[in-house]
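Report on the structure given below.
Values below: all heavy atoms of this structure, side chains included; hydrogens, waters and symmetry mates excluded. Computed from a predicted structure; not experimentally measured.
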Amino acid sequence: MRLDGKVALITGAGSGVGRAAALLFAREGARVVVCDIDARSGEETRAAIEAAGGVSSFVQADVAKESEVAAAMESVQRAHGRLDVLYANAGIFTAGDAILTELSEAELDRVLGVNLKGVMWTCKHGIPLMQAAGGGSIVITGSLAGLKAGDATAYYVSKAAVIHLARCLARQYAADGIRVNCICPGKVETNLMAEVRAGPPRKPAAVPIIVDGYDARYAQAEEIAAMALNLACDDMSFVTGTVIPVDGGAMTR
């Protein structure tokens with residue numbers, strides 16, 4: 001098993017890619033700490049892991065609030081004494097996001113609070129546990145939106161920021177044996193994407209595709225989780241500071 005004996009914390013693990021990653025990491029031997037703002041969905045993920053024979057616990061935290069993230073990491077320290085894998089996956093996409101001249105301060109603060117500050121607080125308080133453990137792997141969920149331009153200003157800017165954050169952290173903590181990489185998914189079939197499709201119409205965008213003749217489709221959460229697993233594993237020990245699109249070839253268009 002590729003994560004045997006590792007302790008992994010995943011934010012936004014109550015649903016979507018986070019839940020898929022939590023289940024996958026547990027199957028690969030990790031003790032998975034499920035972290036989510038929603039206690040019900042987080043406990044459902046924990047229960048699903050344990051029903052499948054894995055080991056898991058749940059901590060509730062709003063990643064936009066540093067004090068709650070710090071408390072979550074303290075609980076990991078008490079329960080496990082270490083942290084080997086940190087998957088900073090929690091993120092939001094809001095209906096109120098807009099072009100800059102129509103963007104409210106409240107909406108900007110809300111999106112940046114989760115998508116940027118949430119990643120920063122998670123890494124800030126997770127890194128000391130990794131340093132004490134002698135190293136580890138941080139995986140950050142960016143987005144194809146961070147590599148391109150679009151009209152949801154706060155979201156696109158937040159994802160561009162975490163891409164560069166991953167590079168900065170890879171540089172800052174390499175000497176501690178901590179690798180930091182960023183995954184940039186295209187459109188993924190999750191509840192969040194369903195909410196976006198049900199919301200106000202936006203300008204048409206190209207649908208991410210699988211190249212070489214396959215039919216157009218959205219990614220499945222498990223396909224993004226598989227990349228996160230690869231980056232989390234020790235056999236990727238020379239991979240850090242990378243930004244990896246997982247987009248079905250959308251960037252080739």
Side-chain angles (χ1 to χ4, degrees), residues 7-22 25 32-49 56-80 83 85-97 103-130 138-143 145-146 152-159 161-162 165-166 169 180 182-183 185 188 190-196 199 221 224-225 228:
V7 176
L9 182 141
I10 303 171
T11 65
S15 61
V17 173
R19 175 174 288 183
F25 285 19
V32 176
V33 181
V34 173
C35 181
D36 204 280
I37 191 172
D38 186 291
R40 179 176 179 179
S41 62
E43 287 288 1
E44 287 174 353
T45 300
R46 179 201 58 76
I49 290 171
S56 181
S57 58
F58 169 69
V59 292
Q60 185 175 17
D62 178 353
V63 296
K65 298 177 180 178
E66 184 179 7
S67 61
E68 294 191 16
V69 174
M73 294 301 176
E74 288 170 4
S75 72
V76 172
Q77 175 63 32
R78 289 194 301 271
H80 302 287
L83 180 64
V85 178
L86 175 58
Y87 188 8
N89 166 74
I92 59 173
F93 186 99
T94 64
D97 206 343
L103 182 64
S104 70
E105 182 178 8
E107 200 67 20
L108 177 64
D109 289 346
R110 181 185 176 200
V111 175
L112 294 185
V114 176
N115 291 3
L116 176 55
K117 285 186 176 181
V119 175
M120 296 180 80
W121 301 146
T122 301
C123 293
K124 176 182 177 179
H125 293 281
I127 284 171
L129 275 67
M130 290 185 160
I138 297 174
V139 182
I140 293 173
T141 295
S143 171
T153 307
Y155 182 81
Y156 277 72
V157 168
S158 70
K159 291 302 184 179
V162 296
L165 175 64
L169 297 180
V180 187
C182 185
I183 297 173
V188 186
T190 63
N191 290 339
L192 177 60
M193 182 55 67
E195 291 172 6
V196 171
I224 311 303

Margin query: Using every non-hydrogen atom in the two residues, find where V63 and A90 come nearest and quote the distance to one decimal.
Written below: CG2-CB, 4.1 Å

Note to self: Once rounded to the nearest 0.5 Å, what's the spacing between atom CG of L129 and atom NE2 of H80?
What the structure shows: 10.5 Å

Notebook entry, point to check: Once you round to the nearest 0.5 Å, how far does CD1 of I127 lie from CG of L169?
Noted result: 5.0 Å

Checklist line | N/O donor-acceptor pair under 3.5 Å between S56 side chain and V32 backbone | finding: yes

Margin query: Looking at every non-hydrogen atom in both residues, tell me the closest pair between I10 and A13 and how far apart they are.
Written below: O-CB, 3.4 Å

Notebook entry, point to check: Nearest 0.5 Å, what's the NE2-CG distance between H125 and L9?
Noted result: 13.0 Å

Next item on the list: Mind checking the SG-CD1 spacing from C182 to I138? Nearest 0.5 Å is all I need.
Entry: 12.0 Å

Next item on the list: Grab the two heavy atoms, one from A22 and one from V34, that are nearest each other, plus how far apart they are.
Entry: CB-CG2, 4.5 Å

Next item on the list: Using the salt bridge (Lys or Arg N to Asp or Glu O under 4.0 Å) rule, collect all pairs that involve residues 107-127, keeping only residues at least two apart or in two chains.
Entry: E66-K124, E107-R110

Margin query: Could you report the tightest heavy-atom contact between D62 and E68, atom names first, then the distance?
Written below: N-OE1, 2.7 Å

Next item on the list: Rounded to the nearest 0.5 Å, what's the gap from CD on Q60 to CD1 on I37? Could you check?
Entry: 7.5 Å

Notebook entry, point to check: Can T141 and Y87 be counted as having a side-chain donor-acceptor contact under 3.5 angstrom?
Noted result: yes

Check: For the residue pair A154 and L108, what are the closest heavy atoms and their distance?
Finding: CB-CD1, 3.9 Å

Next item on the list: Taking all non-hydrogen atoms of both residues into account, name the closest pair between I92 and V111 and its distance.
Entry: CD1-CA, 4.0 Å

Margin query: Between T45 and R19 (side chain of the first, backbone of the second, donor and acceptor by atom type, cut-off under 3.5 Å), is there such a pair?
Written below: no

Next item on the list: Compare all side-chain heavy atoms of N115 with those of V162 and state whether any distance is below 4.5 angstrom.
Entry: no

Next item on the list: Would you mind reporting whether L86 and M73 have side-chain heavy atoms less than 4.5 Å apart?
Entry: yes

Item checked: Inter-residue atom distance N89.CG - I140.CD1, 0.5 Å rounding -> 11.0 Å

Note to self: Run the side-chain contact (heavy atoms from CB on, under 4.5 Å) test on Q77 and E74 for me, step by step, so that the C-alpha distance in whole Å, both residues' side-chain angles and the decisive distance to 0.1 Å come before the verdict.
What the structure shows: CA-CA 5 Å; Q77 175 63 32; E74 288 170 4; 5.5 Å; no

Next item on the list: Using modelled atom types only, decide if a donor and an acceptor are shared between the side chain of D97 and the backbone of Y155 within a distance under 3.5 Å.
Entry: yes

